[in-house]
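Take a look at the structure below.
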Amino acid sequence: LFRSRHKCMTLILGAFCSEGPLLTADREESSEYAKRSVQKLFEIHPPSGAWRMVVGGAGDSAFSDFVMGAIARAALQSSDTFTANHEQVLSDTLREVYRDYMYCVPKNVREARGIELLIGLNTQDGSLVRLYKTNDEIVNIVLDYACCGIGRDIADYFLDRLYEERLTERQLIAFAAFVVREAKDSVEAVGKETECFFLPNAQAMRKGAALRHYYQHGAITDALLPRLSQIINHFWRDPESLSDEIKRELLLESGIERL
């Protein structure tokens, strides 16, 4: 399920819209000599399809893959009862992994293995939809949005100011793709394509929605997204966009006769 990867930097963000949570990540993996595109979000589900979980990890890729694999095995062993006790399964799995592989090793090894996970979960009928972020072995529920990885500061900046839970699936995909693209422009180790997983809630499922994986075909490519300057520079370039209060202040400050 999880291929061993080189140590790579990552940006992963998860956010709710009116139709369910969306998990989004860049796909760049960098080594000393090359960059390539790799999968960073992984889907897990039992044969019955009773539930679906999407997991993404940021930080040390080898340890992240190991932990995600442990979570996948524990969830699949629980099978169709997983949704009823999923928080306990996630917590127990992380606690065991950190006990055996983190807290018993030297501090420098613990620091090198540091990871964060974002986990999305929904049931077959959408009656249960959850988003979680981990902090070591602690599983925290996310009610609106969360980010992890090297591009988190950039993502948090935009999400803190522009996020709205009432966005639709398509609107949130466009917003998340824009945020990740801005991080790619500013953070060296965030790049390549952008991929998304959407986990619909019951309301969206009643309209025919299903779990969707957006990557290349069906996702918004970076080249189609507007630049940040194109979105906001009309505020100071177009005088008609300024409020009367701002116009009055500018007149007083600069002595300009008219705008």
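For this chain, numbers begin at 1 and follow the sequence in order. Everything numeric here is computed off the predicted structure, so don't read it as measured data. Quick note: numbers below take in every heavy atom, side chains included, and nothing from hydrogens, waters or symmetry partners.
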Heavy-atom donor-acceptor pair, K40 side chain to E28 backbone, under 3.5 Å: yes
Let me check something: do I232 and F175 share a hydrophobic cluster, defined by ILVMFWY side-chain heavy atoms less than 4.5 Å apart, either directly or through other members? yes
Within the structure provided, determine whether R227 and D185 are in side-chain contact (heavy-atom separation under 4.5 Å). yes
Do side-chain atoms of T134 reach the backbone of L117 as a donor and acceptor pair under 3.5 angstrom? yes
Between P46 and W51 the two heavy atoms that sit nearest each other are CD-O, 3.2 Å
Could you walk me through whether D136 and Y103 pass the side-chain contact (heavy atoms from CB on, under 4.5 Å) test, one step at a time? CA-CA 10 Å; D136 292 336; Y103 298 140; 3.9 Å; yes
Testing the basics here: between I141 and Y132, what is the closest heavy-atom pair and its distance to 0.1 Å? CA-CD2, 3.6 Å
Would you please test E87 and V139 for side-chain contact (heavy atoms from CB on, under 4.5 Å) and show each step? CA-CA 8 Å; E87 290 188 356; V139 181; 5.8 Å; no
Is the side chain of S18 donor-acceptor paired with the backbone N or O of L167 at a distance under 3.5 Å, no angle test? yes
Heavy-atom distance under 4.5 Å between the side chains of D60 and F66, does that happen here? no
Tell me whether D26 contacts the main-chain N or O of G191 through its side chain, where contact means a donor paired with an acceptor under 3.5 Å. yes
Any idea which heavy atoms bring C196 and L22 closest together, and the distance? CB-CD1, 3.7 Å
What are the two closest heavy atoms between S64 and A58, and how far apart are they? OG-N, 4.4 Å
Ignoring hydrogens and angles, tell me if any N or O in the side chain of S91 forms a donor-acceptor pair with the backbone of Q88 under 3.5 Å. no
Quick one: does R181's side chain have a donor or acceptor within less than 3.5 Å of a partner on P226's backbone? yes
Could you tell me the separation between the CE atom of M205 and the CD atom of Q124, rounded to the nearest 0.5 Å? 7.5 Å
Do the side chains of I119 and I71 get nearer than 4.5 Å, heavy atoms only? yes
Do L41 and L159 belong together in a cluster built from hydrophobic side chains that touch within less than 4.5 Å? yes
Is E137 salt-bridged to R95, going by a charged N under 4.0 Å from an acidic O? no
CG-CZ distance between L172 and R166, expressed to the nearest 0.5 angstrom: 13.5 Å
Any chance OH of Y157 has more than 12 other-residue heavy atoms, nucleotides or ligands included, within less than 6.0 Å? no
Is there a path of hydrophobic side-chain contacts, each under 4.5 Å between heavy atoms of I, L, V, M, F, W or Y residues, that connects L162 with L228? yes
Less than 4.5 Å apart, any side-chain heavy atom of Y214 and any of T194? no
Taking side chain as C-beta onward, heavy atoms only, is E29 less than 4.5 Å from K35? no
Any Lys/Arg nitrogen of K184 or D222 sitting under 4.0 Å from an Asp/Glu carboxylate oxygen of the other? yes
For Y163 and F16, indicate whether the former's side chain and the latter's backbone hold a donor-acceptor pair under 3.5 Å. yes
Does M53 reach the side chain of F82, with side-chain heavy atoms less than 4.5 Å apart? yes
Pick from V129, L199, L128: which one makes a side chain to side chain contact (heavy atoms under 4.5 Å, CB included) with L121? L128
Got a second to check how far T123's OG1 is from D80's CG, nearest 0.5 Å? 11.5 Å
Carefully, step by step, assess L131 and Y145 under the rule side-chain contact (heavy atoms from CB on, under 4.5 Å). CA-CA 8 Å; L131 184 61; Y145 61 84; over 6 Å; no
Return the set of residues passing side chain to side chain contact (heavy atoms under 4.5 Å, CB included) with K207 (not counting sequence neighbours), or none when no residue passes. Q203
ILVMFWY network linking M68 to I138, side-chain heavy atoms under 4.5 angstrom: no
Return the minimal non-hydrogen interatomic distance between F198 and A209, and the atom names on each side. CE2-CB, 4.4 Å
When rounded to the nearest 0.5 angstrom, what distance separates CZ in R130 from CG in L90? 12.0 Å
Please step through side-chain contact (heavy atoms from CB on, under 4.5 Å) for the pair N201 and N122, ending with a clear verdict. CA-CA 7 Å; N201 58 23; N122 79 335; over 6 Å; no
With sequence neighbours excluded, what pairs up with M102 under the side chain to side chain contact (heavy atoms under 4.5 Å, CB included) test? F63, Y98, R110, R113
First locate atom CZ of R27, then atom CD of E195, and finally report the distance between them rounded to the nearest 0.5 Å. 4.5 Å
Gap separating the CD1 atom of I115 from the CG atom of N135, nearest 0.5 angstrom: 11.0 Å
Under 3.5 Å, is there a donor-acceptor pair between the side chain of E19 and the main chain of E169? yes
Determine the minimum heavy-atom distance between S78 and V89, stating which atoms define it. OG-CG2, 3.6 Å
side-chain hydrogen bond (donor to acceptor under 3.5 Å, both in side chains) involving Q171 - partner list, sequence neighbours excluded: T168
